[in-house]
Amino acid sequence: MDVTIFGSGYVGLVSGTCLAEVGNNVICVDVDQNKIDMLNNGQVPIYEPGLDKMIERNVKEGRLSFTTDIDIAVKHGLFQFIAVGTPPDEDGSADLQYVRAVAKSIGERMDEYRVIIDKSTVPVGTADKVRETVTQALKERNLSTEFDVVSNPEFLKEGDAIDDFMKPDRIVIGTDNPRTTELLRALYAPFNRNHDRLVAMDIRSAELTKYAANSLLATKITFMNELANLAERLGADIENVRLGIGSDPRIGYHFIYPGCGYGGSCFPKDVKALEKTAKQIGYDAKLLAAVENVNNKQKTILFDRISQYFDGNLKGKTIAIWGLSFKPNTDDMRDAPSRVLMESLWAAGAKVHAYDPEAMEETLRIYGQRDDLKLCEEPMDVFAGSDAMALLTEWRIFRSPDFNTIKNNLSTPVIFDGRNVYDPIQMEELGFEYYGMGRGKSCIK
Ligand SMILES: NC(=O)c1ccc[n+]([C@@H]2O[C@H](COP(=O)([O-])OP(=O)(O)OC[C@H]3O[C@@H](n4cnc5c(N)ncnc54)[C@H](O)[C@@H]3O)[C@@H](O)[C@H]2O)c1
């Protein structure tokens, strides 16, 4: 089938490549000339495990191409996916300008039936807006060409995106026309062989489903963070509590890891956007507001702890940071806790030595070269001349380091573990002062 994907970011590139992988002819279009040039030169602008090889294969076999030419893009696909960004507006609601721009582009060019698919995470009612925009653009051309608008939210996780797309838990299709459900069923059939994962519903429910999923996951994490803060004050170890509750199948082990706050391109903005949607219809979503507030506070805990440890005087200190991306296996730093920590340290006059397996280029892009930031080529390089260590992302490579070298290099052997990767007892035996998240009395100075 012929497929066009607007937006060649994390979602657009992965979706387009996976759809090509199963035999479709896919054109990915983006307004960012630089991104498209990179892709046409065999480079992949984002880090996602396995994506580079899959892109290379599908380009070579002629099923996948990249362009900034909207005329070609609209002409190509029966399916026109919208996978552009929906960042937060100034007031926290989802900024739909990019979605609207794509809808307009399609309406200004389409001359035969098209299925327009919202894959971006968009507030309830967006499909209606897309439909209005396309209808208006067609009207201005004196056309009444048929089209359908579908909500097909994406649930992939960065770091596991290809697997998530190839073997989805569910494929949510929101439509008001059974014809489009069948067209999408055919498009998604290769991902649906094991058992039927397609959940068909009305458009508004599909739009809300994506926000419900992300808000619930953010709530689970936040609940555990709140409990971790309590455990710390009560002399309990949250890691024991986690094991104690996770074994209950009604609770489960997923998304109950305490830590220094969630970040990324989805949870923070989606919780905020849903809260804003609620406000717009006169509903005070107290739980969502609390999740957002608790998470924002959680992201400041590491800095508060480090500052307290050095008696509020961080001027001239150097903190060694492991992990900059918001989670492992991605280079994405949107809303990452590392940004809150680094910016607070800099504001307090401290320096940062940092290492991340994939996110250092992105760090450089965001902050540029600065005297108080040294990005180190090797993980162990961060410790020379540093006063303390902070771990912010649980990359596998950080799990079992050479602690003696770390201890010998730090001026004070102290570890602030924002992800509870290390064992407090072992750390004390090795001669470190260890501060985890919610790990009993040892965390309180
Ligand atoms: N990143 C994730 O893990 C994830 C998961 C599920 C859903 N989502 C949702 O998917 C959407 C896209 O997210 P992302 O992380 O891929 O964003 P992204 O910022 O990585 O990519 C968006 C791309 O859209 C391009 N773009 C903007 N306007 C355009 C236009 N008019 N025509 C063509 N391209 C245009 C941008 O240049 C950019 O390359 C968001 O709504 C997001 O919430 C993201």
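Worth saying up front: this structure is predicted, and the values here are computed from it rather than measured. Order of appearance sets the numbers: ligands from 1, and atoms from 1 within every ligand.
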Residue-level breakdown please: for [X] versus ligand 1, do any non-hydrogen atoms fall below 4.0 Å on the side chain, on the backbone, on both, or on neither?
{"X": "Ser120", "result": "both"}
{"X": "Cys266", "result": "side chain"}
{"X": "Val122", "result": "neither"}

OG on Ser325 to CH2 on Trp395, rounded to 0.5 Å: 5.0 Å
Gap between atom OH of Tyr47 and atom CG of Asp332 - 0.5 Å precision: 13.5 Å
Taking only heavy atoms of [X] into account, list the atoms of ligand 1 that are under 4.0 Å away from them.
{"X": "Val29", "result": "33 (C), 34 (N)"}
{"X": "Gly7", "result": "23 (C), 24 (O), 25 (C), 33 (C), 34 (N)"}
{"X": "Ala83", "result": "12 (C)"}
{"X": "Ser265", "result": "1 (N), 2 (C)"}
{"X": "Val11", "result": "4 (C), 5 (C), 6 (C), 7 (C), 8 (N), 10 (O), 16 (O), 44 (C)"}

For [X] and [Y], test the side chains for any donor-to-acceptor distance below 3.5 angstrom and give the result as yes or no.
{"X": "Asn420", "Y": "Tyr257", "answer": "no"}
{"X": "Asp148", "Y": "Tyr113", "answer": "yes"}
{"X": "Asp95", "Y": "Gln97", "answer": "yes"}
{"X": "Asn58", "Y": "Arg63", "answer": "yes"}
{"X": "Thr175", "Y": "Thr180", "answer": "yes"}

Side chain to side chain donor-acceptor pair (under 3.5 Å) against Asp270, all qualifying residues, sequence neighbours excluded: Asn214
Could you identify the single nearest non-hydrogen protein atom to [atom] and state the distance to 0.1 Å?
{"atom": "atom 6 (C) of ligand 1", "value": "Glu154 O, 3.2 Å"}
{"atom": "atom 5 (C) of ligand 1", "value": "Leu156 O, 3.5 Å"}
{"atom": "atom 26 (N) of ligand 1", "value": "Val84 CG1, 3.6 Å"}
{"atom": "atom 25 (C) of ligand 1", "value": "Asp30 OD2, 3.2 Å"}
{"atom": "atom 22 (C) of ligand 1", "value": "Gly85 N, 3.5 Å"}
{"atom": "atom 31 (N) of ligand 1", "value": "Val102 CG2, 3.6 Å"}
{"atom": "atom 21 (O) of ligand 1", "value": "Gly9 CA, 3.2 Å"}
{"atom": "atom 40 (C) of ligand 1", "value": "Thr86 OG1, 3.5 Å"}

Ring geometry between Tyr188 and Phe165 (parallel below 30°, tilted from 30 to 60°, perpendicular above 60°): tilted
Mutual orientation of the aromatic rings belonging to Phe398 and Tyr355 [parallel < 30°, tilted 30-60°, perpendicular > 60°]: perpendicular
Does the N or O separation between [X] and ligand 1 drop below 3.5 Å for any pair?
{"X": "Lys35", "answer": "yes"}
{"X": "Thr121", "answer": "yes"}
{"X": "Lys119", "answer": "no"}
{"X": "Lys269", "answer": "yes"}

Pair Asp202 + Arg204: basic N to acidic O under 4.0 Å: no
Residues Asp163 and Lys157 bridged, charged N to O under 4.0 Å: no
Contact with ligand 1 for Lys210, non-hydrogen, under 4.0 angstrom: yes
Minimum non-hydrogen distance to atom 32 (N) of ligand 1, winning option of Val31, Asp164, Val99: Val31
Best match, Arg334, Glu158, Lys157, Gln33: closest heavy atom to atom 15 (O) of ligand 1: Arg334
Arg170 to Phe155 six-membered ring, cation-pi geometry met (6.0 Å, 45°): yes
Backbone N/O of Ile256 and side chain of Lys220: donor-acceptor pair under 3.5 Å: no
